[in-house]
Amino acid sequence: MIQALKAALACVLAWFAATHVFSLPQPFLAPYAAVFMIQSTVYRSIRVSVQQLAAVSAAVLISFVVVQIVPDRIVALGVVTAVGLLVGRLSVFGDSGRWVGVTAVLLLTMNVATQDVLLVDRLVETALGAVVGIVVNALILPPTYAIWARTATAELADELRDVLAGLASALRKEDAPGDPHHWVRRCEHAERIVIDAEDAVRWSREADRMNLRRRRGRRAETRGVRNLRDASPHVRQIAEALRSSVDPHELFRYPEREVRAALAALFDELAEVVRLSVAGQVERDAFGQAVADCRRRIVELEERLSTTPAGSPGVVHGVSGMLLPAQHVLRDLAG
């Protein structure tokens with residue numbers, strides 16, 4: 001809504017400036033360009049303004065050259081359309097390239113292409129609209145995407161934490177989980193959230209460029225999403241190891257109660273590490289302590305596996321299949 005209102009304001013200001021300040025005779029390109037400058041970030045507005053000016057300049061040049069070479073207006077119209085669309089496909093114009101042909105046709109059908117002064121006016125109008133649009137987008141609540149980035153990052157951390165806490169709860173029950181595939185599916189959902197979180201942080205990072213409302217702590221936010229992204233596949237490996245230990249057709253075996261209790265405690269501590277990893281600088285000490293607790297718990301479990309011959313090899317393999325990715329989760333989050 002804010003961007004829509006800003007576009008409306010930029011359109012009105014550009015039209016007013018073109019008609020009342022500069023007294024341009026046909027100022028239709030000024031509001032047109034101003035609206036296009038209200039982009040999703042200030043940086044993108046500036047980049048698009050250059051591409052838009054280049055596209056209009058190309059359209060002006062194409063329409064002027066074609067009417068000089070092709071005397072028949074109908075034939076010239078076809079040539080302008082074809083050439084404009086082909087030239088607009090050049091990568092230098094970006095998304096604005098599709099308007100090269102359209103603008104060239106507009107100039108020709110409005111009998112502007114044959115008048116040098118009016119062609120120059122079109123360039124002035126476009127530049128004026130671009131400036132107005134950039135100024136409005138940069139000065140009036142420039143977009144930051146901070147809320148989206150924070151929300152997406154928190155959602156990803158919550159999903160991974162819930163999976164680990166759910167695995168811990170399942171291990172504490174007397175019976176084996178009835179639907180061990182459920183946690184694998186939750187991990188797959190977390191991997192989809194990773195994509196959204198990375199998009200959000202990418203937009204937030206771009207929005208900070210040339211932005212008066214630039215936020216601090218962007219690097220920490222980016223690092224947090226990257227660490228969660230790297231840890232996500234290992235959380236899925238833990239869930240898959242638990243699923244395999246329940247499946248009677250797999251080589252893994254479901255561990256005994258004491259080992260399950262130790263694993264449950266580890267996963268609860270690991271869930272706390274996930275939570276604290278995005279909690280910010282205030283929780284850094286608590287985060288370091290949680291990481292140390294998890295590592296100590298992993299060492300205790302490894303010692304138990306190496307000194308207790310009670311379990312079958314399948315149990316040892318199954319527990320090891322959970323401990324190794326747990327170590328990788330800690331490595332990724334603590335990195």
Side-chain angles (χ1 to χ4, degrees), residues 1-15 18 27-66 77-110 112-113 119 121-146 148-149 152 195-196 198-211 213-214:
M1 183 180 294
I2 291 174
Q3 292 297 90
L5 293 175
K6 286 164 61 175
L9 176 62
C11 178
V12 172
L13 290 177
W15 178 263
F28 60 92
L29 284 180
Y32 159 90
V35 171
F36 271 90
M37 292 310 107
I38 306 300
Q39 294 290 320
S40 46
T41 65
V42 175
Y43 166 76
R44 195 163 295 229
S45 292
I46 296 173
R47 190 183 70 183
V48 168
S49 69
V50 175
Q51 294 175 337
Q52 190 72 25
L53 287 172
V56 174
S57 299
V60 167
L61 181 61
I62 290 170
S63 60
F64 178 75
V65 171
V66 169
L77 186 60
V79 174
V80 159
T81 303
V83 174
L85 292 176
L86 288 174
V87 171
R89 293 180 64 85
L90 296 176
S91 59
V92 68
F93 299 113
D95 292 337
S96 299
R98 63 182 181 271
W99 299 106
V100 174
V102 175
T103 306
V105 170
L106 190 62
L107 294 173
L108 188 61
T109 54
M110 295 185 66
V112 176
L119 285 175
D121 285 346
R122 301 294 82 78
L123 296 177
V124 172
E125 294 162 11
T126 303
L128 175 62
V131 170
V132 171
I134 291 173
V135 170
V136 170
N137 203 30
L139 296 183
I140 302 177
L141 296 176
T144 63
Y145 298 95
W148 181 24
I195 298 174
D196 186 55
E198 288 186 316
D199 285 343
V201 171
R202 190 179 303 114
W203 277 103
S204 179
R205 187 167 58 245
E206 181 182 306
D208 282 345
R209 302 176 67 178
M210 306 177 182
N211 194 329
R213 298 170 67 197
R214 181 174 182 172

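Numbers here are sequence positions counted from 1. Since we're looking at a predicted model, the values are computed, not measured.
Residues forming a side-chain contact (heavy atoms from CB on, under 4.5 Å) with V92 (at least two apart in sequence, or on another chain): L90. Every residue two or more places apart in sequence or in another chain that forms a side-chain contact (heavy atoms from CB on, under 4.5 Å) with V102 is listed here: W99.
The heavy-atom pair separating S40 from W203 by the smallest distance is OG-CZ3, 2.9 Å. Between A14 and G129, the closest heavy-atom pair is CB-CA, 4.2 Å. Between T103 and A59 the shortest heavy-atom distance is CB-CB, 3.7 Å. The shortest heavy-atom contact between A104 and V80 is CB-CG1, 3.3 Å. The two atoms that bring F93 and A58 nearest to each other are CZ-CB, 3.8 Å, heavy atoms only. Residues L106 and F28 approach most closely at CD2-CE1, 3.4 Å, considering heavy atoms.
Atoms CG and OG, on L77 and S63 in that order, are 11.5 Å from each other to the nearest 0.5 Å. For the atom pair OG1 of T126 and CG of L53, the computed distance is 6.5 Å after rounding to the nearest 0.5 Å. With rounding to the nearest 0.5 Å, the separation of CZ in R44 from CD1 in I134 is 14.0 Å. Between L85 atom CG and T81 atom OG1 the span is 6.5 Å, to the nearest 0.5 Å.
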Would you please test N137 and Q3 for side chain to side chain contact (heavy atoms under 4.5 Å, CB included) and show each step?
CA-CA 8 Å; N137 203 30; Q3 292 297 90; 3.5 Å; yes

Pair D95, V48 - check side chain to side chain contact (heavy atoms under 4.5 Å, CB included), show working.
CA-CA 8 Å; D95 292 337; V48 168; over 6 Å; no

Evaluate the criterion side chain to side chain contact (heavy atoms under 4.5 Å, CB included) for residue pair Q52 and Y32; output intermediate values, then yes/no.
CA-CA 10 Å; Q52 190 72 25; Y32 159 90; 3.4 Å; yes

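The backbone N or O of V201 sits nowhere less than 3.5 Å from a side-chain atom of S204 that would complete a donor-acceptor pair. Formation of a donor-acceptor pair under 3.5 Å by the K6 side chain with backbone atoms of I38 is not found in this model.
With V56 as the partner, the side-chain contact (heavy atoms from CB on, under 4.5 Å) test is satisfied by one option alone out of L123, L107, V100: L123.
No more than 12 heavy atoms of other residues, nucleotides or ligands shown are found within 6.0 angstrom of CD1 on I2.
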